[in-house]
Every structure is written in structure tokens, then in C-alpha cells.
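Only one structure is covered here, and it is reproduced in the block below.
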Amino acid sequence: MFAVSAPVMAQQQQQQQQQPAVKAATPPVAEAASPQAQAAEQLEAARKNLARLTDQAKNAKDDDSRLAELKVEIDAATKQIIATSVATRPRLNEIKARLAELGDPPAEGAPPEADVVAQERKRLLDERGEINALTGTAEDLSIQATKLSNSITATRRALFSNTLLKHTDINGSMVMDAVASLAVERQAFVRTVGSWLTFAWNFKRLPLLSALFFSLCAALVLLAGTRKLFFPMIRREFLSEEPGYITRLSVAFWSTMIPTAAMAVFAATSYFFLQAFKVLRPDIAPIISITLAICVALLFVSTLSNAVLAPKQSVWRLVRVSDRGARLLALSIFAMAVVNGLDYLAGTISEVMGSPVILTVVKSLIATIIIGVILMAMSLIRPIVPAGETLDGPGKPWPRAVSLLFVFTGVALIIAALSGYVGLARFIATQIVMTGAILVTMYIGILTGKAVAKQNALGDTVVGRYLEKRFGLEQVALDQTGLVAGLGIYVLVVLFFIPLILLQWGFQIADIEAWAYRIFTDINIGSIKISIVGILAGILMFAAGYVITRWFQRWLDGNVMARSRVDTGVRNSVKTGVGYLGIGLAGLIGVSAAGFDLSNLALVAGALSLGVGFGLQNIVSNFVSGLILLVERPFKVGDWVVTGTTEGFVKRISVRATEIETFQRQTIMVPNSLFINASVGNWTHKNKLGRSDIPVTVSYNSAPRQVMDTLLQIAAAHPLVLKNPEPQAVFTAFGEATMTFELRVYLADIVNGNGVRNDLRLAIYERFKDDGLGAPFPMEELEPDVPPPGPETDALTLQADAAGPAAVPAPPEDTVRRSGTQRRPRRVTVEAVGDKD
């Protein structure tokens, strides 16, 4: 206890009435300082990491690939620094709130405050200063990291510009020096490769053979797999002789993608096995790597040109060019790809062998001149086929604009190379071949996806016919499959070819990975951060929770409650409650995994409460009822439902109202709350099986058993009446003048009840008439017509009175049978269950 004066005690009691107890609300000093100490340690580690990255960036100022990797590391370090600073904000807000509760210190001349209050204020102020110092340190480190990242970006931009725009004097002495260096390089290359092969065979024989064996196994697996799965769909000889446009597009796209992807996987696995078994030396690995990459590129360009131009099969050609023109164009494209690939291989060999830079320049100069000459030669090809002429004709020249474009591009490449800008000319030549091939493939892929996604398009293809035959898909399912396949092709084109184009234009893999990570994990829209990966993870978590919930429901109902002989109603209630609970938990887990703050749900709940308070009870009720209907699904679109005076087929279920179409084709919007708060009949809830009843009334002159047998025979003869459950003929009631029977038949589709009942009534009427069973409806008997009083009736009356009762003639027999009476059928309303005739 603190010994304080009376005024101080009074002030302390007043403060205790206005705020919580200081001692109870004060956290321990060690616990409050712990987060700051952790933040200080993290910032110190970040400072050391930034210093290391700065030194590495200075040492790698000429290595673009390494600079790209360092930039990714620096960006990650920046995020960590910001996260460390943000982690201290909750504690800072708590301190500010507590200081606000304590209030300002007593003014000069005012009574002093309690020592415990002063000590706590001092401790909180010191802690706030410590947090502010940490925040300042984090801001300084963040600024330093941002400057370092920007400097790396500027350095890489300068490297790219210098590489492209670097000027070299082209003269005779340079060429002579390059020729002399070439001889030295050839000897060094032969010696290096020979020594490596000797070393690998003598000392790495088993690893080398193992690597080759596994590489061949991978090649065989890829070859067998692709041949079995895709060969029938891309092999033109197996397909239609007169293919349609969509078939030509899809075959061209997949006959390019599948072999290229298989070759790329084989190249990657071969290099991986050679590296894993430590067969490659540092001086041989780059040569093997570039060789495998060139093989993949050559296969890609070759298969693409053959797929588009189809030199040997004109019916598969995507562009209208002559046969001779297609062969020459395919040969020219492949020649440019070979020259460009050999240039890159020669440049890599020069770099590995340590040859002078001038040798690499001369090699690229020669390759660029050759590509320029090929482009100019392509302008002389005559591939154009006029309308109405066959493709095997001589053809006509290019349009003037296209021919000039080929000539201008080829001349520009040669001039740029001879002027000393060999790097720029080489870059342009590479983009003409590789980027052009990638863009053509993308265009074909987009056209293929668009064509496949069209309505009724997939069913006309080989794949569509295979799916229809193998899985029995109908046209609607095929259209949906085609739409999904078209969207999948779009995604494949974007995700596969956009990175390839970026790599061709100087970007590094680290750049693409960083952009992809940012796109999929950190999309900022104002103050909201969206993560595509998080959303997908949330969806997967919810789906997993939903599946587990359904499995647990079935297990609980079929194994636990069924063995416990629990009442059916209790079982249904428990099963439904478990389902709601499981789906609710799965939804919360999915939302949390998606990265959404669950505290924001309080805003939604507050808004709903406010809306209900302002008189929106009906809207909220319909909204909640709609959610219940959508989740519980007591009926679905297409069901035949009855509620109140409304009966018809469900056309649409929304969160506010349900759209019902009556039998008169009238559309009625029924609020969802009526389906929750009132009784609803659903004729097609579980299935469309239903019973239809037809009442039949006959006179007492009919034989009841014969009537029942006849009704059963009529029902059994109808093709839509089910044999199981079998029809029933029931003697339902005795009347004053008639007997009532009821024919009960079961239908597989109760929606067809009107037509079946109509057929049965006609058959009953005709059969009863033929068999003499009487009319299948009650007969109203009217009294005989009595003639009005007159002279004739008076005379007859007098005669009868005079003669006595015996003198009155007996009525004839047909009169006794009332054959002369007027008869008319009684009006009978025949209704079956659910029937509205």
C-alpha cells in the first residue's frame, strides 16, 4: 500500500471511478518490452542483410541475371522491414489509448497525482518513444532498400542499352584478328571437350551411363505417353481427309505444343540427370545447356512452320499459299532459326573458352548478314494463289507492301551489322525468328480457343465425337466442355507464351517470378489487398470442409443413429444441424484462408441490424429465406410445386423471390418467406414418380368385380403406366343409386399425368360401352312428363273413377323400366391427385 495524503486519496478514488484500476490494467514490463526487443533484433538483422546485398550488387554490376536475383531479395527484405514496423502499431495504439485514459499530468500548482499513475505514465511514454525510434529505424532501412532496388533497376537498364547500342568498328584488321582467334578457339574447344569425355569415361563412367540411361528412359516415357494420348488427335493421317477450320486450327496448335513440350521436358531431365550425377564440368555445362535449348527452339520453329504451312498436305494449310511457296517459306524460316541457334551456340563457346570479344562480334555479324539475305530472298518467293486457282500452280508474287517489308528488314539488319551495331542487329534477328514464332503460335491458340468455345463446335471435332462415344455426353454437355476447353486454351496461351516473350526481350526468370508472385499474392485495390492464391486456397479449404461435412453426415446417420434406433425426425434434425454447422465452419475456414478479416463481418451484421430496425424486416426475411432455400434445396428449378393458390413449375430461385410459371404460362414471383413459413407441396422433390387417381361411378346393375378387372386391364394396356408399383382398382363407396370405384395408377413422370388420365378416361368410356357395363358416370332420373289438366285428362279421370282401380290399364313394361323418361348424365368432377383438369 502507498501512503498518500487525503487530497491525493480523494483524487485517486475519483480516477478509479472514471477508469479501470491502474494496477490491474498495467501489463508487466517484461511482456510489454518483448515485442520491441524482437522488432529491434529483426531490424538489426535487416540492416546486416541490406549491407550484404549492397556489396553483392556492386560486385555483380555487369551480370544482369545476378542483379535480377538480388532485386528480388531486396524487395523481400523491404517487405520484411515494413512488416516489422507494422507489427509494433497495435502496441502503440494501446499505449496511446491508455495515455488518453490517464489524462494529462497535473498542472503546476494542482494536487499531485498518485505515484502509481505517474510511474505508469512515465513507463508508457518511454515505451512509446522506443516504438517511435524503431519505426524511424524501419523507415530509414526501407528507404535505403528502395534506393538500392532502384539503383539495380537503373544498372540493368543501362546494361541492356549498352548491349544493344554498343558500337564496334568493323574493318579488315578486326576480321583477321577474329580469324586468328577462331583457330585458337577451335583447338581449345576440341581439347576441352576431349579431356572432358576422357575424364567422364575413365572416372565417371558409371554416373555418365546412369545419366544417359535415365535420360533415355525419360525420352521413351514421354514418347510413349504422348504417342498414346495425343497421337490420334494430332496425326493428320488418322483424321478426316477434308478437315474443317476448327480441326485444322486445333491440330496445328497441338501438333506444335505437344512435341515442343515433350522435347523441353526431355532436355530439362537430361541436363538434370547429368548435373545430379556430377558428370558435367563448369566449362562444359553451359555448352550442353545452350545445345539442348537450341534443339528445343529448332523443334518449335520447325513444327510450327509445318503446322501452319503444311508443305506436303495442302488440305491442312492454314494460309492460302501455293505448294511451292509453302515449301520455300518453311525452308527459309527453318534456315533462319538454324543460323540464329548456331550463332548463340558459337557465342557461348567463345565465352566459355575465353576467346576475345571481337570473335563473338564477327560470328554475330556473319549470322546477321545471312539472316538479312534470307529475308531479302523471301521477297522473291511467289506464294500467292488467286481465287479460283489450284494450290499446285506456280503462284504469284507477294503484295508490294509485303515484299518491300522483307527487303527493308533484311537491308536494315545488314546495314546495322556493318555499321558496328552488331548487338542490335543480332537482337532484332532473334526477335524476328523467335518472337515471331511465339506470336504466331499465340494467335493460333487464341483462334483455336475461340473456335472450340463456340456453340455446337466441339461436337463436330474428333475429340468431341470421342467424348460423345466414350462418356455418352449430350450436346449441352459437349458445349459446356467446349467452353471450358476454350477458356483453358486461353489460360495456357497467356501463362506459357507471355513469359517466353519477356525472356526473349531481355527479362530474367527472377523478374517473371517476382511479377507472378506479386500478381497472385498481392493485388492492391485502394486499401484492399487481394491474393488470388489465397482465394484459391480458401475455395479449396471450403470444398474440403464441405466434402468432409457431407461424409460425416452420412456416416453419423448411417452408422451411429441408425444403430441406435433414433426416431426418423430426430435423425433428420441432427443430420441437418450437423450439415449447417459443418458448412458454416467450412465457410469461416475458407474465408480466413482467403485472407479476409473476419472482423469485417461485424460491419455486415451491423448493417443488417440497422436495416431491420428501419423496417426492412420483410426484405431481410426474404433474403435469409432465399439463402436457406439455396442451401437446403427443398425444391429446384424445374420442380412442380404447390403453395397456397399458386401451382406451377419453378423457373428461377433468387435470394429474394422464386419465379414460378403456372400451367397457363403465367409467371408469378413468390417471396421466399412464403416457402419457409407455409406448407409447400413438391411433386418432383426426390423423383418424378407419382400416383394419379381416376374416380369411376356405375349403377348397381354392374358387376363390381368385372368393373375392377376391366379397369386394371385398361391401366395395364397403357404404355406409360408403371407395372411396379402395380395399378389398383378400389371400390371406394356406395351411393344412393351408384357405386364408386377408383383407378389408381403410378407414373414414372407425374408431369405427364394429364395426358395419361385423358387416355385412360377415353379407354374406360369405350370399354364400358363395348362390354355393356353401363355409363361410367351417375345418371339423373327425372319424373315422367305429366300432361297438363284439360278436357282429355278430365275424361280419363272420370272413366277411371267409374271403372275402379281394376279398370286402369297397366303401364307397359318399358314404362316400368322408365325407358320413356328423360335421362341426362350427372355432372361429375373427376380429379386425380395433383390434377387440375
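This chain uses plain numbering: 1 for the first residue, then up along the sequence.
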Under 3.5 Å, is there a donor-acceptor pair between the [X] and [Y] side chains?
| X | Y | answer |
| --- | --- | --- |
| R691 | Q728 | no |
| R767 | T710 | no |
| R761 | Y765 | no |

Ignoring hydrogens, what is the shortest heavy-atom contact between [X] and [Y]? Give both atom names and the distance.
| X | Y | answer |
| --- | --- | --- |
| A729 | M708 | O-CE, 3.1 Å |
| G590 | M541 | CA-CB, 4.3 Å |
| V452 | A457 | O-CB, 4.1 Å |
| M669 | A657 | CE-CB, 4.2 Å |
| V745 | P727 | CG1-CB, 4.1 Å |
| P499 | I512 | O-CD1, 3.6 Å |

Take a 6.0 Å sphere around [atom1] of [X] and say whether it holds more than 12 heavy atoms from other residues, nucleotides or ligands.
| X | atom1 | answer |
| --- | --- | --- |
| R320 | CZ | yes |
| F649 | CZ | yes |
| F731 | CZ | yes |

Side-chain contact test, heavy atoms from C-beta onward, threshold under 4.5 Å: evaluate it for [X] versus [Y] and give yes or no.
| X | Y | result |
| --- | --- | --- |
| V707 | F768 | yes |
| Q553 | R550 | yes |
| L439 | I501 | yes |
| I444 | T256 | no |

Donor-acceptor under 3.5 Å ([X] side chain, [Y] main chain):
| X | Y | result |
| --- | --- | --- |
| N559 | W555 | yes |
| D693 | E742 | no |
| T740 | T732 | no |

How far apart are the C-alpha atoms of I583 and Y546, what are their side-chain angles, what is the distance that settles it, and do they pass the side-chain contact (heavy atoms from CB on, under 4.5 Å) test?
CA-CA 6 Å; I583 292 175; Y546 182 82; 3.8 Å; yes
Please name all residues satisfying side chain to side chain donor-acceptor pair (under 3.5 Å) with R89, sequence neighbours left out, ordered by chain then number.
none
Partner residues of R317 under the side chain to side chain donor-acceptor pair (under 3.5 Å) criterion, sequence neighbours left out
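If we apply the side chain to side chain donor-acceptor pair (under 3.5 Å) test to R317, skipping adjacent residues, the hits are D323.
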From [atom1] ([X]) to [atom2] ([Y]), nearest 0.5 Å:
| X | Y | atom1 | atom2 | result |
| --- | --- | --- | --- | --- |
| L689 | L747 | CG | CG | 8.0 Å |
| N672 | N677 | CG | CG | 10.5 Å |
| L249 | W316 | CG | CH2 | 11.0 Å |
| K769 | I764 | NZ | CD1 | 15.5 Å |
| R652 | I660 | CZ | CD1 | 13.5 Å |
| I438 | L304 | CD1 | CG | 10.0 Å |

Give the intermediate values and the outcome of side-chain contact (heavy atoms from CB on, under 4.5 Å) for residues I446 and F253.
CA-CA 10 Å; I446 292 173; F253 180 73; over 6 Å; no
All N/O donor-acceptor pairs, side-chain side in residues 472-480, below 3.5 Å, sequence neighbours left out:
unit_1	atom_1	unit_2	atom_2	d
Q475	NE2	N456	OD1	3.0
Q475	NE2	D479	OD1	3.2
D479	OD1	N456	N	2.9

If you look only at pairs with a residue in residues 473-502, which of them pass as a ring-ring contact (aromatic ring centres under 6.0 Å, His included), with sequence neighbours excluded?
none
Side-chain donor-acceptor pairs under 3.5 Å in residues 715-725, sequence neighbours left out?
unit_1	atom_1	unit_2	atom_2	d
H718	ND1	L720	N	3.1
H718	NE2	D759	OD2	3.1

Looking at the rings of W640 and F663, which for Trp means the six-membered one, are their centres under 6.0 Å apart?
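Ring-ring flag for W640/F663: true, centres closer than 6.0 Å.
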What salt bridge (charged side-chain N to carboxylate O under 4.0 Å, His left out) pairs are there with at least one residue in residues 657-680, not counting sequence neighbours?
K651-E661, E661-R665
Please test D639 against W683 for side-chain contact (heavy atoms from CB on, under 4.5 Å), starting from the C-alpha separation and ending with a verdict.
CA-CA 7 Å; D639 282 357; W683 282 99; over 6 Å; no
For I498 and M442, run side-chain contact (heavy atoms from CB on, under 4.5 Å): C-alpha distance rounded to whole Å, both residues' side-chain angles, the deciding distance at 0.1 Å, then the answer.
CA-CA 9 Å; I498 295 297; M442 288 184 64; 3.9 Å; yes
